[in-house]
Amino acid sequence: MASLFRDLSLGHSKRESTPPPIQPPPTMPSKLTTSDLESPLGQLSSQLTDSDLRATAYEIFVAVSRTSAGKPLTYISNTSNSDLSTNHHSPHSPNSPALQRSLTSAAASKMKKAFGLKSPGSGSKKSPGSGPGSGQGKSKRPLTVGELMRSQMRVSETVDSRIRRALVRVAAGQVGRRIESVVLPLELLQQLKHSDFTDQQEYETWQKRTMKVLEAGLLTHPRVPLEKSNPTSQRLRQIINGALDRPIETGKNNESMQVLRSAVMSLASRSDGSFSEICHWADGIPLNLRLYEMLLEACFDVNDETSIIEEVDELMEHIKKTWTVLGMNQVLHNVCFTWVLFHRFVATGQVETDLLDAADGQLAEVAKDAKTTKDPQYAKILSSTLSSILGWAEKRLLAYHDTFDNGNIETMQSIVSLGVSAAKILVEDISNEYRRKRKGDVDVARSRIDTYIRSSLRTVFAQRMEKADSSRRASKNQSNPLPVLAILAKDVGELALNEKRVFSPILKRWHPFAAGVAVATLHACYGNELKQFISGITELTPDAVQVLRAADKLEKDLVQIAVEDSVDSDDGGKAIIREMPPYEAEAAIANLVKAWIKARLDRLKEWVDRNLQQEVWNPKANKEGFAPSAVEVLRIIDETLDAYFQLPIPMHPALLPDLMSGLDRCLQYYAIKAKSGCGSRNTYIPTMPALTRCTTGSKFQGVWKKKEKSPNPQKKNSQVATINGDNSFGIPQLCARINTLHRIRTELDVLEKRIITHLRNSESAHTEDFSNGLAKKFELTPSACVEGVQQLSEALAYKIVFHDLSHVLWDGLYVGEPSSSRIEPFLQELERNLIIISDSMHERVRTRVVTDLMRASFDGFLLVLLAGGPSRAFTRQDSEIIEDDFKSLKDLFYANGDGLPTELIDKFSVTVRGILPLYRTDTESLIERFRRVTLEAYGSSARSRLPLPPTSGEWNPTEPNTLLRVLCYRNDEAATKFLKKTYNLPKKL
């Protein structure tokens with residue numbers, strides 16, 4: 001038995017001097033913090049602390065790791081030579097080389113290499129098996145596996161020695177029994193007395209802990225379910241409860257101990273149909289998992305809690321020997337080791353991503369197990385563990401912008417990978433719902449990443465929204481604080497670029513269009529706020545434009561990122577773009593601008609109406625003789641254009657046609673109103689009297705005057721204001737109206753040039769905006785002004801001749817005896833009116849008006865000759881007077897070269913000069929000419945009876961009606977007879 005005692009020293013070689021004991025302080029402070037992470041391996045109902053579990057796990061480890069030459073204790077190993085362990089020597093030899101072997105950290109562990117785990121760096125952090133504090137002492141020999149485990153589990157040498165002594169006694173009494181068929185706590189209770197402890201309190205504490213372990217393994221968490229009515233369990237519970245209050249005697253022949261042994265062995269020997277020789281005292285869930293967790297924790301360096309020791313391969317080989325006692329297997333080991341690696345990463349401040357990557361690597365093994373292992377208890381443990389890992393990961397990933405920054409961005413990839421791996425196993429291998437679906441329809445990784453992106457960006461968007469609002473409130477005292485949504489648009493743009501640069505490259509590994517999903521989410525978030533904002537806008541304000549422009553820029557940036565991100569997708573990014581319905585910010589701006597334009601134009605139209613009603617058309621109101629209302633309307637149009645181009649909008653050229661069209665219509669309206677009620681040329685030309693034949697030797701006075709008093713009512717109606725003496729239609733006022741329309745016409749060119757200047761300074765103008773003239777030109781007003789000037793000029797001329805001077809023209813010229821009623825009085829009045837026109841009219845339109853006055857005078861002169869009524873009659877000798885008077889009329893407009901040019905006078909006097917020779921032609925010749933032109937006009941049907949030619953008003957020496965009228969006014973017996981015979985014309989009206 002002496003050799004057995006020596007062998008149970010757990011690796012202290014007979015040939016080596018024992019090194020100084022390793023005494024890590026039992027109360028070593030730990031940096032581990034897991035306040036937000038509970039163990040998914042299960043919570044124990046009994047009051048066992050982590051320290052209690054660690055002590056029990058160490059006892060099991062020591063018990064299974066040694067045998068003696070006499071083989072009083074043996075064990076069955078069902079461990080497989082996995083990739084994770086090294087060099088499994090057979091543990092069945094009398095002195096197990098695995099436990100006796102001295103350890104060295106010179107060569108890196110295969111397991112650490114497989115997981116990419118770090119080694120303690122540059123000697124700064126030492127493995128427990130090396131360095132001054134390792135207990136190597138003067139002999140400087142490496143630690144054995146046993147010494148290493150004792151150090152890793154923070155067990156003092158005193159406690160270790162006590163356990164080994166007890167195991168020697170157990171071995172002596174259990175010759176030939178395998179360790180898994182022994183209830184270790186029961187045997188230790190019997191072998192250890194209070195004399196083995198430093199004091200009674202330590203013994204009682206140890207005994208209570210051992211009793212709690214028995215309670216946990218046999219009563220609270222048994223492997224084989226326990227019936228409530230089982231008398232043995234009730235008896236054992238009573239013994240344990242009593243022992244917790246008062247220590248029991250544990251001597252071999254003690255009655256209490258015998259009762260305890262009987263109850264324990266009865267319960268531990270119950271079988272679930274397998275491993276009938278195994279005592280089930282530590283293999284119930286979750287007790288076995290928590291004990292195994294304590295053993296796996298020993299793989300971490302006590303001096304560097306983030307590092308796994310270099311000797312982990314050898315240590316893991318011995319830890320796996322506890323599987324037969326703990327009821328563990330490879331699949332449960334994979335789950336537990338995954339959890340321990342992950343838990344250590346979290347507990348040590350989440351700084352060592354190697355641990356996270358190792359856990360992710362271990363999950364790959366777990367995924368294989370999950371596909372093949374159908375044990376429901378395993379599935380429950382796996383689901384709980386993965387849910388805990390996934391829950392922790394998603395708590396960070398659902399708001400990853402709050403979790404990660406440039407300082408810890410590398411950690412993100414590891415956490416995402418771990419979370420996605422856990423989610424895939426949960427969904428694909430555990431979820432029944434997934435199995436019912438076609439697997440091709442579900443991309444777990446992509447779906448999870450999609451959720452993380454959308455959730456985190458919604459969260460960070462809300463934060464940016466609040467920040468923008470705070471920034472707005474803080475800047476209220478500034479002269480021009482930015483609106484919230486403009487600030488937010490800038491923030492969101494920066495957020496999108498940061499997402500594309502920092503986060504999307506990481507997430508793209510699992511979601512090919514991570515950046516596209518991100519910008520689509522931001523687009524939707526901002527779009528919701530923008531929609532509310534737009535619905536509340538009623539007018540174009542700087543804030544509104546600023547927000548809408550910022551939104552438009554943001555949208556272009558977001559869409560650009562989405563397009564770039566999905567360039568390699570099957571649909572070319574259409575799906576993502578469909579998620580981004582346009583903000584229509586430019587359309588919203590355009591609508592606001594159109595409303596602004598409409599409001600301005602409506603005000604301008606009202607102003608035009610109001611001012612035209614008040615306008616007196618005074619040509620002396622200013623130096624150039626045009627209406628003040630025109631000055632104002634042009635000023636307002638100029639101001640409107642300035643205001644339009646000062647609008648902070650991006651589409652001045654695009655909406656300019658709308659504004660120009662409106663302004664054009666307003667000016668056209670003004671031009672139409674300016675000429676309204678002033679009549680036209682036809683308004684003033686009187687109705688011609690019926691044809692009569694001349695009464696030779698007698699004259700009838702006043703006939704024309706009587707006719708003038710009853711003019712055509714239709715022609716009078718349009719000239720009521722004139723006839724009633726309204727000053728706004730006097731000659732000076734008509735001159736002012738003409739000047740005004742001319743002024744507007746010339747100012748249009750100035751306005752159009754100013755528009756070009758504005759366009760050149762417009763941020764969004766392009767070359768085509770200058771080449772396309774229609775957008776910047778007035779189309780309706782120029783023609784309205786030209787037509788207005790023409791109509792007013794003719795109206796003015798014909799008003800003077802046929803209305804204002806009718807008393808000297810109709811009532812005086814050639815009435816009675818032509819020689820005594822010649823043209824001089826008419827010329828004097830005409831000259832007086834020309835002076836008024838000259839004083840009132842702008843020089844650029846003066847010639848036009850004088851020309852029209854000349855035309856009207858010529859027409860009046862001809863009308864006296866051809867339609868002057870029965871009060872007028874001419875002999876052939878009177879032709880000389882007529883021709884002389886007409887020359888005087890032309891000379892008035894020639895004005896010795898200061899008036900109209902001779903070419904113009906000649907042009908408009910062609911008709912008169914063609915007709916005057918008829919007055920010196922003899923009557924017979926006139927009658928013959930009349931017959932000939934009438935027959936030519938009417939053909940052979942006119943031979944029997946000459947028809948009466950109608951009055952066309954278009955006088956011409958070859959036109960029948962003109963010739964007929966010359967005959968009617970011929971003071972000659974032959975003419976009178978012809979008219980009597982041919983047409984039976986009367987002598988008086």
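Sequence positions, counted from 1, serve as the residue numbers for this chain. No hydrogens, no waters, no symmetry mates; every other heavy atom, side chains included, goes into these values.
When side chains are defined from C-beta on, Arg970 does not count as touching Cys694, because their heavy atoms never get closer than 4.5 Å. Pro947 has its side chain within reach of Thr934: a pair of non-hydrogen atoms, C-beta onward, lies under 4.5 Å apart. In this structure, the side chains of Leu663 and Leu604 come closer than 4.5 Å at one or more pairs of heavy atoms. Taking 4.5 Å as the limit, some side-chain heavy atom of Cys968 sits within range of a side-chain heavy atom of Leu979.
Heavy-atom contacts from other residues, nucleotides or ligands closer than 6.0 Å to CD of Glu632 number more than 12. Shown here is Glu954, whose CD atom has no more than 12 heavy atoms of other residues, nucleotides or ligands within 6.0 Å. The number of heavy atoms from other shown groups lying within 6.0 Å of CZ (Arg931) does not exceed 12. Other residues, nucleotides and ligands place more than 12 heavy atoms under 6.0 Å from the CD atom of Glu639. Shown here is Arg635, whose CZ atom has more than 12 heavy atoms of other residues, nucleotides or ligands within 6.0 Å.
Take Arg848 and apply the salt bridge (charged side-chain N to carboxylate O under 4.0 Å, His left out) test, not counting sequence neighbours, and it matches Asp852. Contacts of Arg832 classified as salt bridge (charged side-chain N to carboxylate O under 4.0 Å, His left out), with partners at least two apart in sequence or in another chain: Glu829. Partners of His842 under the side chain to side chain donor-acceptor pair (under 3.5 Å) rule, at least two apart in sequence or in another chain, do not exist in this structure.
Of the candidates Asp891, Asp885, Asp884, Lys887 forms a salt bridge (charged side-chain N to carboxylate O under 4.0 Å, His left out) with just one, namely Asp891. When the options Lys605, Arg600, Lys598 are evaluated for a salt bridge (charged side-chain N to carboxylate O under 4.0 Å, His left out) with Asp602, the one that passes is Lys598. Applying ring pair (Phe, Tyr, Trp, His ring centres under 6.0 Å) to Phe802 and the options Tyr684, Phe861, Trp810 leaves one that passes, Trp810. With Phe645 as reference, Leu656 is the one residue of Asn761, Thr640, Thr757, Leu656 to meet the side-chain contact (heavy atoms from CB on, under 4.5 Å) rule.
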Discussion item. Using side-chain contact (heavy atoms from CB on, under 4.5 Å), reason through Thr692 and Lys988 one step at a time and then give a plain yes or no.
Written reply: CA-CA 6 Å; Thr692 61; Lys988 57 173 96 169; 5.8 Å; no
Fill in: side-chain hydrogen bond (donor to acceptor under 3.5 Å, both in side chains) between Thr923 and Asp972, intermediate numbers included
CA-CA 8 Å; Thr923 303; Asp972 180 269; 3.2 Å; yes
Worksheet item: Which is it for Ile597 and Tyr644 under the side-chain contact (heavy atoms from CB on, under 4.5 Å) test, yes or no, and what are the steps along the way?
Response: CA-CA 8 Å; Ile597 290 172; Tyr644 173 75; 4.3 Å; yes
Practice prompt. Please test Leu796 against Leu853 for side-chain contact (heavy atoms from CB on, under 4.5 Å), starting from the C-alpha separation and ending with a verdict.
Written response: CA-CA 8 Å; Leu796 172 61; Leu853 185 57; over 6 Å; no
Worksheet entry | Worked verdict on Leu734 versus Trp617 for side-chain contact (heavy atoms from CB on, under 4.5 Å) | CA-CA 8 Å; Leu734 289 174; Trp617 306 104; over 6 Å; no
Discussion item. Let's go through Asp664 and Thr781 carefully: what are the C-alpha distance in whole Å and the side-chain angles of both, what is the deciding distance for side-chain hydrogen bond (donor to acceptor under 3.5 Å, both in side chains) to 0.1 Å, and is it a yes or a no?
Written reply: CA-CA 6 Å; Asp664 197 12; Thr781 307; 2.5 Å; yes
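Of all heavy-atom pairs between Trp955 and Leu863, the closest is CZ2-CD1, 3.9 Å. Taking every heavy atom of both residues into account, Arg855 and Glu794 meet most closely at NH1-OE2, 3.5 Å. Shortest non-hydrogen contact noted between Trp607 and Ser629 is CH2-O, 3.4 Å. Taking every heavy atom of both residues into account, Leu985 and Leu691 meet most closely at CD2-O, 3.9 Å. When all heavy atoms are compared, the tightest approach of Val616 to Gln733 is O-CG, 3.6 Å. For the residue pair Arg822 and Pro818, the shortest heavy atom distance occurs at CG-O, 3.2 Å.
Contacts classified as salt bridge (charged side-chain N to carboxylate O under 4.0 Å, His left out) and involving residues 903-916 (residues at least two apart or in different chains) are not found. Applying the salt bridge (charged side-chain N to carboxylate O under 4.0 Å, His left out) definition to pairs two or more places apart or across chains, those involving residues 857-866 are Arg681-Asp859.
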Atom pairs and distances, donor-acceptor, side-chain atoms in residues 740-747, under 3.5 Å, two or more places apart:
from	atom 1	to	atom 2	distance (Å)
Thr740	OG1	Ala627	N	2.8
Thr740	OG1	Ala736	O	2.7
Arg743	NH1	Glu624	OE1	2.8
Thr746	OG1	His742	O	3.3
Thr746	OG1	Arg743	O	2.8

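Here Asp922 does not pair with Arg876 in a salt bridge; the nearest charged N to carboxylate O distance is not below 4.0 Å.
Residue Thr847 holds its OG1 atom at 8.5 Å from CG of Leu904, rounded to the nearest 0.5 Å. The CE atom of Met688 sits 9.0 Å away from atom CG of Leu866, with the distance rounded to the nearest 0.5 Å. Summarising the geometry, atom CG belonging to Leu900 is positioned 4.5 Å from atom OG1 belonging to Thr851; distances are rounded to the nearest 0.5 Å. With rounding to the nearest 0.5 angstrom, the SG atom of Cys785 is 12.5 Å from the CD1 atom of Ile738. Distance check: Leu805 CG to Ser857 OG gives 8.0 Å after rounding to the nearest 0.5 Å. Note: Leu948 CG to Asn984 CG = 11.5 Å, rounded to the nearest 0.5 Å.
Between the side chain of Glu959 and the backbone N or O of Thr962 there is at least one donor-acceptor pair closer than 3.5 Å. Distance alone, capped at 3.5 Å, places no donor-acceptor pair between the Asp811 side chain and the Val808 backbone. A side-chain donor-acceptor contact under 3.5 Å links Ser806 to the backbone of His803. Between the side chain of Ser840 and the backbone N or O of Ile837 there is no donor-acceptor pair closer than 3.5 Å. In this structure a side-chain-to-backbone donor-acceptor pair under 3.5 Å is missing from Tyr814 to Ser819. Between the side chain of Asn961 and the backbone N or O of Pro949 there is at least one donor-acceptor pair closer than 3.5 Å.
Relative to the six-membered ring of Phe729, Arg737 meets both conditions, a distance below 6.0 Å and an angle of at most 45° to the axis.
In summary, the side chains of Arg965 and Thr951 do present a donor paired with an acceptor at a separation below 3.5 Å, with no hydrogens or angles considered. Inspection of the Asn682 and Tyr798 side chains reveals no N or O donor paired with an N or O acceptor under 3.5 Å. Checked by atom type, the side-chain pair Ser925/Arg929 shows no donor-acceptor distance below 3.5 Å.
Taking the six-membered ring for Trp and thresholds of 30 and 60 degrees, Phe893 and Phe858 have ring planes more than 60 degrees apart, a perpendicular arrangement.
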